[in-house]
Novice: 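Take this structure, written in structure tokens, and hold onto it; I'll ask about it next.
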Amino acid sequence: MAGTVTVPGSSKPSTPLLKDELDIVIPTIRNLDFLEMWRPFFQPYHLIIVQDGDPTKTIKVPEGFDYELYNRNDINRILGPKASCISFKDSACRCFGYMVSKKKYIYTIDDDCFVAKDPSGKDINALEQHIKNLLSPSTPFFFNTLYDPYREGADFVRGYPFSLREGAHTAVSHGLWLNIPDYDAPTQLVKPKERNERYVDAVMTIPKGTLFPMCGMNLAFDRDLIGPAMYFGLMGDGQPIGRYDDMWAGWCVKVICDHLSLGVKTGLPYIWHSKASNPFVNLKKEYKGIFWQEDIIPFFQNVTIPKDCDTVQKCYIYLSGQVKEKLGKIDPYFAKLGDAMVTWIEAWDELNPAGPAAGKDKAK
């Protein structure tokens, strides 16, 4: 694993991990003042800002950051007709940043997320923890009751098969949130004042065959291993559903990771989620998804990807066909989504002609 040099008395690494191998992707409709709090941790890295909404609006970025910014006009110019696969007026537009990045790793964060503190009061360098998660193996095939055995102070417990202790390559690091939890609208309405104050010092691998609700507000992944599957779907303007963009990507990613023997971790790091979105607006966006997910989840639980699908792109194209065939019976939206999944892969391959092998060799 790559090391880091820490200045005594400072939480800021003097040699940032993966400085030239990672992009930070931020979707936004507002000025990025929140970056000031993240400056000690983010400034050494390159930012990709995806501006949603009105492309004529000027987004202000604090001085000193290295960034590129794309608005809807840029997306249309770069992708042409294929821009139809990128959502509008929804944070799902962030996945355009994944597509145009040329780095091996991606960290994505929402602009209402701030630096959290650990129980000792020290600022949490969320990005550094995500990198540590990605650079160490996962254990998807057998659960370790001491959680991540590769963390300092932990190991494999008695009874853990030695044949599985090398672990699997980690494709995704899913971080959590203090303060405002990531609840759906019905739960928000029932528990409007609930806050997450529990800091659980743990990282664990989500077992093979187990789905999870992925949240995109504090998320890192290995773009070479799983990038083409990180499509956040069709959400927002002109679509019958919203707020399922990251979860849709998570379900697709997880079944592909399971197929390619890649790992997904969840737990540390925490960020501070500063504000709750309007539960009534959220309910309007979510209500179809709340019903549909009772069919979507069994679909992903039961889908079997053929053995000859040995890259993420092949797996994803296969999934798109299954989405149209199986979920298209629920609503015409899913036929449209299946087509958009194919368009996304075509656009990805056009912008990344060398194409990451996406798990073919590393997953073995």
Novice: Donor-acceptor check, side chain of Asp222 to backbone of Tyr105, threshold 3.5 angstrom: yes or no?
Specialist: no
Novice: Hey, what do you get for CG (Asn179) to OG (Ser274), rounding to the nearest 0.5 Å?
Specialist: 7.5 Å
Novice: Roughly how far apart are Met99 CE and Trp344 CH2, rounded to 0.5 Å?
Specialist: 4.0 Å
Novice: Within the distance-only criterion (no hydrogens, no angle test), does the side chain of Asn196 pair as donor or acceptor with the backbone N or O of Trp177 below 3.5 angstrom?
Specialist: yes
Novice: Indicate every side-chain donor-acceptor pair of residues 21-28 with a distance under 3.5 Å to a residue at least two apart or in another chain.
Specialist:
residue: Asp23; atom: OD1; partner: Lys103; partner atom: NZ; Å: 3.0
residue: Asp23; atom: OD2; partner: Ser101; partner atom: OG; Å: 2.7
residue: Thr28; atom: OG1; partner: Arg30; partner atom: N; Å: 3.1
residue: Thr28; atom: OG1; partner: Arg30; partner atom: O; Å: 3.1
residue: Thr28; atom: OG1; partner: Asp111; partner atom: OD2; Å: 2.6

Novice: Write out all pairs satisfying salt bridge (Lys or Arg N to Asp or Glu O under 4.0 Å) with one or both partners inside residues 142-163, taking only residues at least two apart or from two chains.
Specialist: Asp148-Lys265, Arg151-Asp201
Novice: Checking ring-ring contact (aromatic ring centres under 6.0 Å, His included) against Phe232, which of Tyr98, Trp251, Trp248 comes through?
Specialist: Tyr98
Novice: Using a 3.5 Å cut-off and no angle test, enumerate the donor-acceptor pairs between side-chain atoms of residues 290-305 and protein atoms at least two apart in sequence or in another chain.
Specialist:
residue: Gln293; atom: OE1; partner: Tyr244; partner atom: OH; Å: 2.7
residue: Asn302; atom: ND2; partner: Pro298; partner atom: O; Å: 2.7

Novice: Report the residues that fulfil ring pair (Phe, Tyr, Trp, His ring centres under 6.0 Å) with Phe143, sequence neighbours left out, ordered by chain and then residue number.
Specialist: none
Novice: With a 4.5 Å heavy-atom cut-off, do Asn218 and Tyr107 have their side chains touching?
Specialist: yes
Novice: Counting N and O atoms only, with roles assigned by atom type, does the side chain of Tyr270 sit under 3.5 Å from a partner on the main chain of Val200, one being a donor and the other an acceptor?
Specialist: yes
Novice: Residues two or more places apart in sequence or in another chain: which of them pass ring pair (Phe, Tyr, Trp, His ring centres under 6.0 Å) with His259?
Specialist: none
Novice: Taking everything shown except Lys60 itself, do over 12 heavy atoms lie less than 6.0 Å from its NZ?
Specialist: no
Novice: Using the test ring pair (Phe, Tyr, Trp, His ring centres under 6.0 Å), find all partners of Phe96 that sit at least two apart in sequence or belong to another chain.
Specialist: Tyr70
Novice: Are the ring centres of Tyr160 and Phe142 closer than 6.0 Å?
Specialist: yes
Novice: With a 3.5 Å distance limit and no angle check, can you tell me whether Ser87 reaches the backbone of Asp90 through a side-chain donor-acceptor pair?
Specialist: no
Novice: Would you please name every residue forming a salt bridge (charged side-chain N to carboxylate O under 4.0 Å, His left out) with Lys191, sequence neighbours left out?
Specialist: Glu194
Novice: Using a 4.5 Å cut-off on heavy atoms from C-beta on, say whether the side chain of Thr266 contacts that of Val203.
Specialist: no
Novice: Side-chain donor-acceptor contacts of residues 204-213 below 3.5 Å, not counting sequence neighbours, with atom names and distances?
Specialist:
residue: Thr205; atom: OG1; partner: Thr139; partner atom: N; Å: 3.0
residue: Thr205; atom: OG1; partner: Thr139; partner atom: OG1; Å: 3.4

Novice: Does any non-hydrogen side-chain atom of Pro269 lie less than 4.5 Å from one of Asn133?
Specialist: yes
Novice: Do we see a donor-acceptor contact under 3.5 Å between the side chains of Asp66 and His46?
Specialist: yes
Novice: For Tyr45, which residues count as a ring pair (Phe, Tyr, Trp, His ring centres under 6.0 Å) partner, sequence neighbours excluded?
Specialist: none
Novice: If you define the side chain from C-beta out and look only at heavy atoms, does anything of His130 sit under 4.5 Å from Leu219?
Specialist: no
Novice: Less than 6.0 Å separating the ring centroids of Phe156 and Phe162?
Specialist: no
Novice: Looking at residues at least two apart in the chain, or sitting in another chain, which of them share a salt bridge (charged side-chain N to carboxylate O under 4.0 Å, His left out) with Asp74?
Specialist: Arg77
Novice: Is it possible for you to say whether Trp272 and Ile180 belong to one hydrophobic cluster, with membership spreading through side-chain heavy-atom contacts below 4.5 Å?
Specialist: no
Novice: Once salt bridge (charged side-chain N to carboxylate O under 4.0 Å, His left out) is applied, do any residues pair with Lys117, and if so which ones, sequence neighbours excluded?
Specialist: Asp123
Novice: Using 0.5 Å steps for rounding, measure from the OH atom of Tyr199 to the CG atom of Leu176.
Specialist: 10.5 Å
Novice: What pairs with Lys89 under salt bridge (charged side-chain N to carboxylate O under 4.0 Å, His left out), at least two apart in sequence or on another chain?
Specialist: none
Novice: Any salt bridge linking Asp110 with Arg94? Criterion: basic side-chain nitrogen under 4.0 Å from a carboxylate oxygen.
Specialist: yes
